[in-house]
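All remarks here apply to the structure that follows.
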There are 2 protein chains.
Amino acid sequence: MREKADSDLVRRQNRLLLMEALRQHGAMARVDMGRHTGLSPASITSISSQLISDGILEEASAAHVPAEGPLRRGRPTTQIDFNPKCAHVVAVKVSIDGLELALADGRGAILARRTSRTTTYDADPAAFGKLLADEITALLAKARLPTRRVARVGIAVQGVADSQAGTVVWSPAFRGRNISVSAVIEDRLGIPCRVANDANMIAEGLIGSDRARYGGTAAVVFMGYGVGMGLIINGQVYHGPTGAAAEFGHMNHVPDGPLCRCGRRGCVEAYVADYSLLRWASGEAATQPPSSNAIPHADMLALETAAHRGEPAALSAYAKAGEALGFGLARIIAILTPSRIVLAGPGTRAMALIRPYLDRALEAGVVDELRRNVEIEVVPIATDMIIKGTIDRALRHVDREIFAYGPLAKRGRELENIA
Amino acid sequence: MREKADSDLVRRQNRLLLMEALRQHGAMARVDMGRHTGLSPASITSISSQLISDGILEEASAAHVPAEGPLRRGRPTTQIDFNPKCAHVVAVKVSIDGLELALADGRGAILARRTSRTTTYDADPAAFGKLLADEITALLAKARLPTRRVARVGIAVQGVADSQAGTVVWSPAFRGRNISVSAVIEDRLGIPCRVANDANMIAEGLIGSDRARYGGTAAVVFMGYGVGMGLIINGQVYHGPTGAAAEFGHMNHVPDGPLCRCGRRGCVEAYVADYSLLRWASGEAATQPPSSNAIPHADMLALETAAHRGEPAALSAYAKAGEALGFGLARIIAILTPSRIVLAGPGTRAMALIRPYLDRALEAGVVDELRRNVEIEVVPIATDMIIKGTIDRALRHVDREIFAYGPLAKRGRELENIA
DNA sequence: AACATTTTTTTGGACGCCGAAATAAAACAA
DNA sequence: TTGTTTTATTTCGGCGTCCAAAAAAATGTT
């Protein structure tokens, strides 16, 4: 059911509205806030000055104001933006290659990074949380930032994440299952922590980067070592009841098809993922479970050149991938009629080879009426979009769950991890 | 972006909150409203008396109050409920068998019905709206209700509806495509009108009947002459960007499979729908487009008895249907991880024959982790659920878009169609 | 008849928003 | 320089909503 409304809710809502405008468009003057939010100048003054005295926003010092084209008459505007020190967040990307961490300030600017080649596949599941906590501590040490100033940690993993339970249900990066993550971080560092699927974080990043384009209903497909999907429904990333993402990679394409890493047969991933392409091309039987090792970048490049040279086995691998991807997307379209499908990730490098088969499958797989309203877009997104999306999500969460509420003094919410 | 909040929004929200509680639990006393909404008694008094003077609610006359068990001390409660005359809505179900209409009052009670065997398949698409308007007029005449007292018409059709454009994009009930409906009704009768998919309306009806059970994330499959799906996401029926429903029936199952009514090959419907079952059983080639006629009920019963007798062709038809349904649902689960799947409609009569194959396919089609959290439920829903759902939806829309706003005097909204 | 109990209404205060007026800070013009 | 114009921001007073507390209403109990 909906939430009860009172004057408290009004303020919270409008504070949030103002912060959202700021996140989306960057620093702006109070007048612009009025334009973006629809609030009266009087209310903007009231809300913004409150946010400033809360330490969440700050006025730009005059020096910073850029010359805005032709000199304009009238009282000059004062730009307002997030106070970079209002909060900090840490984003962690866990993949089978290792860990990647980033520390961002309250504006989303990255202050420090850290990469670690640690492979976690065979690691003790119980020790993983500790490892992560240590990595985060090292990152913060590097940036000389006390732990308590981090408001939130976001963790993006390949595979199925249960963000409710804070666990990694199943991931190619781990042999074990149901690995607890959030609880350990929260216990060891005292920072709220959320686990999420990496493709969902890409979707989050896309929304943050261009709301007009990705804010409606869209499906974001990540192709690479695995195949993931982030679903955007009515401008929001869809997290199922448990917080799991759309497991497009493990949606069945053909009953009794090639063996997938997940143990089933015929998953989309078993046609489209890096390891699947190599398996097709090498003529290897698709009845053996694939190796769990990372695939060298060079191997994929070699496969691509082979295909461009016209080698039949390589070409046929891409053809099979294109068909599986096309039928998979056709099924998504039939169910959700997204207005946009984004193909992203390293796997899109070979899109020229895949595309004809994809299009043919799409045509065979779904009625014209539905297919016609979908725009398919290829974005060879830097994997950094996962980090960006994780940061965005963490900051938006802080905005909504902490900053939207009044000053700390006024309420009893636990919250030391700011400023 | 979110909506700006002011005292107006607060009242609107709380009025709606109160009306939702009433829709869900039926007549109740002010104290109960407080319990359900979390609003203070003072606010409940204020809001309810406003709604009463607006003619939207009414106090039950003392006579109607039921003896509530043991006599209780203290001031007795006064039950409040919707004023049945606050608005009326018309629900229309369009299927290949003909039309079915119902007129309901502001409480959702059905005042009059009308059925018509008119088949629309070969009718002039341009004339369909007029036909519908005439049918509605006849229904209202029967109930002696002036047209202007109907606040809304809801139309449920098999197939793809575009509720934005108010058209039937594609339906087995029509040969033509993109048949305009809403505009004609609105022009002829002056009543706002929405077209929707029939499976979505079943989902709407289920939510209305048991929010606790169906209010989360669920998929409702309707099996019968065709195969439809209504998707409930976070307690709300999902209407895609254009208003189309989840076209589960026309989601591909196997590339190059049997020919479907939609013109593609291998759709789920081409395995599971009535005509598909008969086609399999008769050994008819699945390369001819199926007939567009309604299938006699007796034919389906005959097929079922044949299967129960053990006839191989009949058994195999159900086996194929079960497998296609199971893989289809496995794909839905992979993408959306609903916590509940409801199988409904006449096609569920043969569930005992289908179920083993369905379960086997489900097991083969999706990893255990995802499958385990889904509850599959068979509900041989009376087709009347479509009408009920359409009425519910129309009334909830009136609540939200009209009643939630203050009295007419206070605002400039067009609205003659009440009380 | 007085008291107890429960529901509903009334009253007064707080808070948020808004429109209008006032103030601030600049460019422009004489 | 000094006043005028222009635009941005703040201040002030009014209005509507909510809530807590007190009052009133309506009934059962003793």
Side-chain angles (χ1 to χ4, degrees), chain A residues 2-18 27-53 57 59-62 65 67-80 404-407 410-411, chain B residues 2-18 27-53 57 59-60 62 65 67-80 404-407 409-411:
Chain A
R2 224 168 292 264
E3 201 183 346
K4 175 189 77 170
D6 55 16
S7 70
D8 214 55
L9 176 106
V10 170
R11 221 342 132 70
R12 197 174 353 144
Q13 171 99 329
N14 288 337
R15 280 169 75 109
L16 188 55
L17 209 57
L18 200 153
M28 64 176 77
R30 292 183 173 79
V31 219
D32 302 313
M33 293 175 176
R35 257 191 292 280
H36 284 297
T37 59
L39 293 163
S40 72
S43 306
I44 296 286
T45 291
S46 163
I47 295 171
S48 63
S49 62
Q50 201 181 70
L51 285 168
I52 288 170
S53 74
L57 304 186
E59 293 194 341
S61 53
V65 179
E68 4 173 355
L71 273 181
R72 311 182 49 222
R73 298 175 65 132
R75 177 174 173 173
T77 61
T78 41
Q79 299 294 109
I80 295 183
Y405 291 81
K410 284 178 67 183
R411 61 214 174 73
Chain B
R2 223 167 293 262
E3 200 182 347
K4 175 188 77 169
D6 55 16
S7 68
D8 213 56
L9 176 105
V10 170
R11 222 342 132 70
R12 197 174 352 141
Q13 170 97 332
N14 289 336
R15 279 169 76 108
L16 188 54
L17 209 56
L18 199 153
M28 63 176 78
R30 292 182 172 80
V31 221
D32 302 313
M33 293 176 177
R35 256 191 293 280
H36 284 297
T37 60
L39 292 163
S40 72
S43 306
I44 295 287
T45 292
S46 164
I47 295 172
S48 63
S49 62
Q50 202 181 66
L51 285 168
I52 288 170
S53 75
L57 304 185
E59 292 194 342
V65 179
E68 4 171 357
L71 273 181
R72 310 180 50 225
R73 298 173 66 132
R75 179 174 173 171
T77 61
T78 41
Q79 300 293 108
I80 294 183
Y405 291 81
K410 283 178 67 182
R411 61 213 174 75

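Just so it is clear, the structure is predicted and the values come from calculations on it, not from any experiment. A note on names: the letters A, B, ... follow the listed sequences, proteins ahead of strands, and every chain is numbered from 1.
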Below 4.0 Å: OP1/OP2 of [N] and any side-chain N or O of [X]:
X	N	value
Asn14(B)	dC18(D)	yes
Arg30(B)	dT9(C)	yes
Ser7(A)	dA14(C)	no
Thr45(B)	dT9(C)	yes
Arg11(A)	dC17(C)	yes

Pairing residues for Ser7(A) by the side-chain hydrogen bond (donor to acceptor under 3.5 Å, both in side chains) criterion, not counting sequence neighbours:
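If we apply the side-chain hydrogen bond (donor to acceptor under 3.5 Å, both in side chains) test to Ser7(A), skipping adjacent residues, there are no hits.
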Excluding sequence neighbours, so at least two apart, what forms side-chain contact (heavy atoms from CB on, under 4.5 Å) with Ser49(B)?
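side-chain contact (heavy atoms from CB on, under 4.5 Å) list for Ser49(B), sorted by chain: empty.
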Toward the 5' end of DNA chain D, by each residue's nearest nucleotide, Ser46(B) or Asp32(A)
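So the residue in question is Asp32(A).
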List the protein contact pattern of nucleotides 18-23 of chain C with one symbol per nucleotide (5' to 3'): B for base contact, S for sugar-phosphate-only contact, - for none; contact means a heavy-atom distance under 4.0 Å.
BB----
Mind checking Ile47(B) for me? I need base, sugar-phosphate or nothing, with any heavy atom below 4.0 Å counting as a touch.
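The answer is sugar-phosphate, as Ile47(B) gets under 4.0 Å only of primed atoms, P, OP1 or OP2.
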Taking the side chain as everything from C-beta on, heavy atoms only, tell me whether Arg30(A) gets closer than 4.5 Å to Thr77(A).
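Not touching, per the 4.5 Å side-chain cut-off.
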Checking only heavy atoms, does the side chain of Arg73(B) share a donor-acceptor pair with the base of dT6(C) at less than 3.5 Å?
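Side chain to base: no pair below 3.5 Å.
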